[in-house]
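Counting starts at 1 for both ligands and their atoms, in listed order.
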Amino acid sequence: MKFKPEMDSIRTHTVPQWYDDCKLGIFIHWGLYSVPAWAYPSGKLGTIPFDERWFAYNPYAEWYCNSVRAGFGPTYEHHVKTYGADFDYESFTDLWKAERWDPAQWAELFKKSGARYVIPTTKHHDGFCLWNTKYTDYNSYQKGPGRDLMKELCDAVRSEGMRFGVYYSGMLNWHVTHNAMMSDYEVHHPNNITNGYADFAYNQMMELVDTFEPSVLWNDLDWPLKGLDDLPYLFAHYYNTVPEGVVNDRWHDVWFDYKTKEYHRGDKFLEQKWECCQGMGLSFGYNQVETDEHYVSHNELITLLIDTVAYNGNLLINVGPKADGTIPEEQESRLLYLGKWMEVNSPAIYSTKPFSRQKEELETGEVVYYTQNDSSIFLLVTNPKAGNSTLRIPEPAFSCDFRKTLGNFGANVAISEGNLVIDLLDIPADSAPVVLEFTK
Ligand SMILES: C[C@@H]1N[C@H](CN)[C@@H](O)[C@H](O)[C@@H]1O
């Protein structure tokens, strides 16, 4: 076995090329919380103080159970009015049927979006498992849909040639703890997390590795503090089982292959491989309260991908399916639009590296990004003006030859008075970002 259960050995693992090259993944938050599918769209993570103002007004619909446990606030009031004060969260297993779910349809849509990996929630904070785990009967095979949702999805994703990863909520399990979490401290120090629970989480993670051989282990929030000594054994087993596997950075700083960001992106890492995850709206789980205005626009989604890739990141964009197994039209429409853009412009995305410059904001309002591969430099112009316009880029970062535009628009390129001058021609109204390729 190449990897031994000791951190000196684990630290020899490197990020496999596939993960660096693929750039775009699909996150899926689907679970019991998809039945009520209700949250107060209070604001983006990072814009609201991480105290009661966040936890009792949580825009994350997948936090429904905790929001109700708060005992006050809009979600609690909605629950009492809709289901009654005595309706406990576990009873949603009787209402979750997934009656319209076709995993092949999901996989086809994700493939069309240009995504190359898919990471579903196998168990979110509520503790309900979406695979036929032997460690609890609180799972989708024994209850609710009566199906091994993860096995069906894994097979469908892989049959479309995409990689399958697993999200697991290691630190939180609200089927085990029963108090409302109303502070960041409580989230990272849940009471009642015993050695027994740490063993449960370890055993489930090992079961996920052996059952699915996932390309990504995406643990969330943190790992049970009583189980930190188990992690070298988990990582060694994982890397020996899945040599091209990667793990994220939410394991109590014990180890990571790549760093993660969630919604707020701040300073990017650039030197360190990273991944940004977020919903298309304010929530990961489907929230029936959200309308199109809460969602990033179609072009903003593409810019999000560009702004991530230009800085050495991957974008893990989330899909929140409805309880019946259908994907909300607003989300499907954005994935198809992204996929159409990728059909033409993916050479500037897949298998690229950051350039010496990543982003420039021009005086005329356009924002220009750069990526590169071994033979080309790509210049990606977000929010280009409709019709014909001229971009002036002072002190250009390169003087190589303009090769072509990617897409149905024209461009004339010249160096003038030390500026790279680009005439963009025939840009449609409300255009998606446009890309020009230069030869090194
Ligand atoms: C991807 C997101 N991670 C946060 C924890 N930072 C979760 O609390 C949230 O529900 C979602 O799963």
Side-chain angles (χ1 to χ4, degrees), residues 25-51 53-70 75 89 117-130 150 165-175 177 180-190 193 201 216-224 247-253 256 258-266 274-287 290 304 308 313-321 331:
I26 299 287
F27 220 178
I28 305 173
H29 279 65
W30 198 32
L32 289 185
Y33 43 81
S34 307
V35 176
W38 204 99
Y40 183 74
S42 49
K44 251 170 75 165
L45 179 76
T47 63
I48 297 172
F50 228 36
D51 54 28
R53 287 166 287 181
W54 170 263
F55 289 102
Y57 299 83
N58 203 323
Y60 282 359
E62 68 281 6
W63 273 69
Y64 187 89
C65 173
N66 192 71
S67 302
V68 172
R69 283 178 176 174
T75 305
Y89 183 82
Y117 63 110
V118 177
I119 301 180
T121 49
T122 62
K123 175 188 79 77
H124 202 258
H125 307 335
D126 61 359
F128 190 71
C129 303
L130 276 60
M150 291 298 97
V166 293
Y167 165 111
Y168 184 82
S169 170
M171 177 58 101
L172 296 189
N173 189 319
W174 297 328
H175 196 54
T177 60
M181 297 186 165
M182 303 299 281
S183 71
D184 195 42
Y185 180 84
E186 286 177 296
V187 166
H188 287 275
H189 299 83
I193 289 294
V216 185
L217 280 193
W218 212 101
N219 183 58
D220 203 358
L221 272 168
D222 209 335
W223 190 253
V247 304
N248 72 343
D249 65 341
R250 302 189 180 188
W251 309 81
H252 204 74
D253 296 330
F256 67 88
Y258 69 87
K259 302 288 286 178
T260 58
K261 284 178 173 290
E262 185 170 324
Y263 276 97
H264 55 90
R265 303 149 62 76
W274 60 284
E275 176 190 79
C276 178
C277 68
Q278 72 164 75
M280 293 183 211
L282 303 174
S283 175
F284 286 92
Y286 172 57
N287 180 7
E290 286 191 330
L304 199 54
T308 303
N314 287 2
L315 176 63
L316 187 63
I317 192 69
N318 181 80
V319 168
Q331 298 180 28

Chemist: For ligand 1, which atoms have a heavy atom of E62 less than 4.0 angstrom away?
Modeler: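 Those qualifying, in numeric order: 9 (C), 10 (O), 11 (C).
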Chemist: Of the options W30, Y33, Y167, which is the one that meets H124 in a side chain to side chain donor-acceptor pair (under 3.5 Å)?
Modeler: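 Exactly one candidate clears the test, Y167.
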Chemist: Looking at Y258, I want to see if its OH is surrounded by more than 12 non-hydrogen atoms of other residues, nucleotides or ligands under 6.0 Å.
Modeler: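 For Y258, atom OH is crowded (more than 12 foreign heavy atoms under 6.0 Å).
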Chemist: How about H252 and W223: are their ring centroids closer than 6.0 Å?
Modeler: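 No, the ring centres sit 6.0 Å or more apart.
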Chemist: In the protein, which heavy atom is nearest to atom 3 (N) of ligand 1, and how far is it?
Modeler: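 For atom 3 (N) of ligand 1, the nearest protein heavy atom comes out as D220 OD2, 2.8 Å.
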Chemist: Nearest heavy atom to atom 7 (C) of ligand 1 wins, so pick from H125, M181, Q278, R250.
Modeler: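 Among H125, M181, Q278, R250, the closest heavy atom to atom 7 (C) of ligand 1 belongs to H125.
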Chemist: Please say whether H29 places an N or O atom under 3.5 Å from an N or O atom belonging to ligand 1.
Modeler: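 Among all N and O atoms of H29, at least one is under 3.5 Å from an N or O of ligand 1.
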Chemist: Kindly confirm or rule out an N or O of W218 lying under 3.5 angstrom from an N or O of ligand 1.
Modeler: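 N/O-N/O distance under 3.5 Å: no.
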Chemist: Do the ring centers of F55 and W63 come within less than 6.0 Å of each other?
Modeler: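 Yes, ring centres under 6.0 Å apart.
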Chemist: Could you tell me whether F50 and Y185 have their ring centroids closer than 6.0 angstrom?
Modeler: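 Between F50 and Y185, the centre distance exceeds or equals 6.0 Å.
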Chemist: Just to confirm my output: which protein heavy-atom neighbour is closest to atom 6 (N) of ligand 1, and how far is it?
Modeler: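 Its nearest protein heavy-atom neighbour is E262 OE1, 3.0 Å.
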Chemist: Heavy-atom contacts with H124 under 4.0 Å: which atoms of ligand 1 show up? List them by number with element.
Modeler: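 So the atoms of ligand 1 that pass are 9 (C), 10 (O), 11 (C), 12 (O).
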Chemist: Would you say the side-chain atoms of D126 and Y89 include a donor-acceptor pair closer than 3.5 Å?
Modeler: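 Short answer, yes.
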Chemist: Could you tell me, atom by atom, which parts of ligand 1 come under 4.0 Å of a heavy atom of Y167?
Modeler: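 Listed by number with element: 12 (O).
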Chemist: I'd like to check which ligand 1 atoms, numbered from 1 as shown, lie under 4.0 Å from a non-hydrogen atom of Y60.
Modeler: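 Contacts of ligand 1 toward Y60, numbered from 1: 9 (C), 10 (O).
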Chemist: For the residue pair T121 and H29, confirm or rule out a side-chain donor-acceptor distance under 3.5 Å.
Modeler: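 H29 and T121 do not have a side-chain donor-acceptor pair below 3.5 Å.
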Chemist: Which of the atoms in ligand 1, numbered in the order shown and given with their element, are less than 4.0 Å from a heavy-atom of F27?
Modeler: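 Near F27, the atoms of ligand 1 are 1 (C).
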